[in-house]
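Okay, structure first, notes after.
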Amino acid sequence: MKVRVLGCSGGIGGRSQRTTALLVDHDVLIDAGTGVGDLEFEELLRIDHIFVTHAHLDHIAMIPLLVDTVGDARSMPIVVHGSPETLRILRSHIFNWLVWPDFSSIPDRSSPFLRFQEMRIGESVRIGGGRQVTMLPALHTVPAVAYQLSVDGRSLVFSGDTAYSDALIAAINEIPDLRHLIVETAFPDEQQDLALASRHLCPSLLALFLEKVKAKPEVWITHLKPSRAQTTLQEIADNCGQFKPRALYNGLELEL
């Protein structure tokens with residue numbers, strides 16, 4: 001299993017700043033931020049599944065455009081997986097015929113371009129080739145989840161957007177084969193009040209989070225705010241040096 005970073009920024013600006021999206025092999029997306037827009041048409045056509053962490057725009061922005069672009073060229077619908085709350089938000093506020101057409105009923109409900117599939121915490125979906133995606137808890141300002149990707153006794157966890165979460169830490173500690181942990185850290189410590197209010201992590205909170213993680217995976221930092229990225233990364237190095245966290249970047253490929 002290869003995980004390719006299409007976007008990992010907490011903002012936009014220039015070619016290097018794309019919002020959150022991970023491409024798993026050739027056919028699965030974890031979130032669908034603006035990074036998806038850099039894929040060629042043939043690559044977009046191969047995407048069968050999208051696993052959504054939460055309904056904030058920087059994580060879902062390209063779902064409507066992706067479905068509109070490739071829907072009539074596919075023989076099967078794209079399946080969007082998410083928590084019941086997240087899928088309700090997508091149906092009510094995006095695919096509502098006001099912001100965007102309801103592609104779960106186009107061209108008709110028996111053969112739509114898009115299908116929603118609810119998942120719950122702890123539930124796993126097998127996506128072929130021995131690959132499995134499991135929903136884990138997270139904590140954000142809207143209902144949010146993390147995901148565990150597994151294949152052949154190796155796992156990666158992607159936190160999505162989250163504050164410090166004992167439930168997520170407990171779930172991570174139940175994974176004996178964790179190779180990679182991708183965890184957000186949006187703000188520097190001088191903006192800790194903002195991090196707490198918006199339910200994101202800052203370096204000192206990340207350090208508390210990582211102290212409770214029993215495994216010693218490779219730690220990758222995502223969702224850095226562009227204007228404070230270097231400050232945040234330096235503070236992460238100062239606070240979490242034993243893990244040697246590294247910044248995620250567009251084009252990076254992680255292999256399981």
If the plane angle is over 60° it's perpendicular, under 30° parallel, otherwise tilted; pick one for [X] and [Y].
X	Y	value
H140	H200	perpendicular
H54	H56	perpendicular
Y164	F209	perpendicular

Side-chain contact, heavy-atom cut-off 4.5 Å: K214 with K216?
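Contact flag for K214/K216 side chains = no.
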
Heavy-atom check, side chain of P226 versus side chain of S9, under 4.5 Å:
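Answer yes - side chains close enough.
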
Can any side-chain N or O of S105 pair as donor or acceptor with the backbone N or O of D108 at less than 3.5 Å?
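Not confirmed, S105 side chain does not pair with D108 backbone.
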
Is there a donor-acceptor pair under 3.5 Å between the side chain of R126 and the backbone N or O of G128?
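Not confirmed, R126 side chain does not pair with G128 backbone.
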
Count the heavy atoms belonging to other residues, nucleotides or ligands that lie under 6.0 Å from CD of E174, then report whether that count exceeds 12.
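No - once you tally the heavy atoms of other residues, nucleotides and ligands closer than 6.0 Å, there are 12 at most.
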
Is it true that, when you exclude E40 itself, more than 12 heavy atoms of the residues, nucleotides or ligands shown sit nearer than 6.0 Å to its CD?
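Result for CD/E40: open.
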
Any donor-acceptor N or O pair under 3.5 Å, side chains S155, S150:
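Checked: S155/S150 side chains pair up, N/O donor to acceptor below 3.5 Å.
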
Taking the ring of F158 and the ring of Y147, is the distance between their centroids below 6.0 Å?
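Y147 vs F158: aromatic centres not under 6.0 Å.
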
As a test of understanding, state which of R91, R115, R109 forms a salt bridge (Lys or Arg N to Asp or Glu O under 4.0 Å) with D102.
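The residue from R91, R115, R109 that satisfies salt bridge (Lys or Arg N to Asp or Glu O under 4.0 Å) with D102 turns out to be R109.
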
